[in-house]
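Start at 1 with the first residue, then count along the sequence. Please read these numbers as outputs of a predicted model, since none were measured by experiment.
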Amino acid sequence: MIASIKGEVIDKSENSLVIQVGGVGLRVNVPVALAASYEHGEHAQLFTHLVVREDNLSLYGFDNAEARSLFQNLITVNGVGPRLALAILSSLSVDMIYQAVLSEQAQLFNQVPGIGSKTAQKIVLYLHDKLKPLMEAGVISAVRDVNHELMDALAGLGYSVLEAQTAIQSLPKDAPQDLESRLRLALQFFTR
């Protein structure tokens, strides 16, 4: 298996990068935001997952091992293939997916093109069993717990799940970890 690649970006599209590694250009399917973050000539290092089919070899790449692991968990859900898993990771951040699964909010997955109610429920049910032990073991960070409380607070103020998730995703990486400060910053998102 190809676990990671490192090289120069020689071509890109909306959801893929071509990375030159040792004279060979490898096309790597990536989330839309990741493709947008690279320019031609930049060096990239991606954590990858190789999908082998009877007539096709496809390489999927992510900026960190956590996103790759989530992708690998998503493709084990019945009805979710690599392309749909990539669409999920293109539409929702890793934190948003964790929050949706751990708080059992399947409707968030309905926002992803190609996912209906049944598939959304399957994703939540299947991943909940896999992610809950990680949360209890402390592998999934405490920030997600604060964000879960923030999600509840925003929902209590009348915002939809999607609006709340978007506001939470817009918070800066260095935002304070206390609920009050995060709520204030999230509310500023709606006044822009």
List the steps, then state whether side chain to side chain contact (heavy atoms under 4.5 Å, CB included) holds for L185 with Q188.
CA-CA 5 Å; L185 288 169; Q188 287 174 1; 3.7 Å; yes
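Annotation: the span from D63 atom CG to Q45 atom CD amounts to 11.0 Å, rounded to 0.5 Å. Here L34 contributes atom CG and N15 contributes atom CG; the two are 11.0 Å apart, rounded to the nearest 0.5 Å.
Counting only heavy atoms from C-beta outward, the side chains of K6 and H43 never approach each other to under 4.5 Å. Contact check for L70 versus F62: no side-chain heavy atoms found under the 4.5 Å cut-off. The shortest distance between side-chain heavy atoms of F109 and L92 falls below 4.5 Å. You'll find the side chain of V77 stays beyond 4.5 Å of the side chain of L125, heavy atoms only. Side chains of V94 and L89 form a contact here, defined as non-hydrogen atoms less than 4.5 Å apart. For the pair L57 and V51, the minimum side-chain heavy-atom distance is 4.5 Å or more. In this structure, L84 and I75 have side chains that are not in contact, with every pair of non-hydrogen atoms separated by 4.5 Å or more.
Looking only at distances, no side-chain donor or acceptor of K122 sits under 3.5 Å from a matching main-chain atom of G79. Within the 3.5 Å criterion, the main-chain N or O of P176 finds a donor-acceptor partner in the side chain of R182. Judged by distance alone, with hydrogens and angles left aside, the side-chain atoms of K12 form no donor-acceptor pair with the main-chain N or O of L17 at under 3.5 Å. Of the possible polar contacts, none joining the S91 side chain to the I88 backbone as a donor-acceptor pair under 3.5 Å is found. In this structure a side-chain-to-backbone donor-acceptor pair under 3.5 Å is missing from Q121 to K118. Between the side chain of S69 and the backbone N or O of E66, no donor-acceptor pair lies under 3.5 Å. Judged purely by atom type and a 3.5 angstrom limit, T119 has no side-chain atom pairing as donor or acceptor with the backbone of I115.
The nearest pair of heavy atoms linking L127 to V101 is C-CG1, 3.6 Å. Residues A120 and N110 approach most closely at CB-OD1, 3.4 Å, considering heavy atoms. Between P31 and L86, the closest heavy-atom pair is N-CD1, 3.5 Å. I10 approaches G25 most closely through the heavy-atom pair CD1-CA, 4.4 Å. Closest approach of N64 and A67 over heavy atoms only: OD1-N, 2.7 Å. Across A167 and A186, no two heavy atoms sit closer than the pair CB-O, 3.9 Å.
Evaluation of the side chain to side chain donor-acceptor pair (under 3.5 Å) test over residues 48-60, restricted to residues two or more places apart or in two chains, returns H49-Q72, N56-S58. Legend: ring pair (Phe, Tyr, Trp, His ring centres under 6.0 Å) pairs involving residues 173-192, not counting sequence neighbours, sorted by first then second residue: Y159-F190.
Each of I2, V9, L59 was compared with V28 under the side-chain contact (heavy atoms from CB on, under 4.5 Å) criterion, and only L59 meets it.
Neither F71 nor V32 shares a network with the other; the hydrophobic side chains, linked directly or stepwise wherever heavy atoms of I, L, V, M, F, W or Y lie under 4.5 Å apart, form separate groups for each. Placement of Y38 and V18 in two distinct hydrophobic clusters is found when ILVMFWY residues are connected by side-chain heavy-atom separations under 4.5 Å, directly or transitively.
When the shell of 6.0 Å around CG of D178 is examined, it contains more than 12 heavy atoms from other residues, nucleotides or ligands.
For A65, the side chain to side chain contact (heavy atoms under 4.5 Å, CB included) partners are F47, R68, not counting sequence neighbours.
With no hydrogens or angles considered, no side-chain donor-acceptor pair links T76 and N73 at under 3.5 Å.
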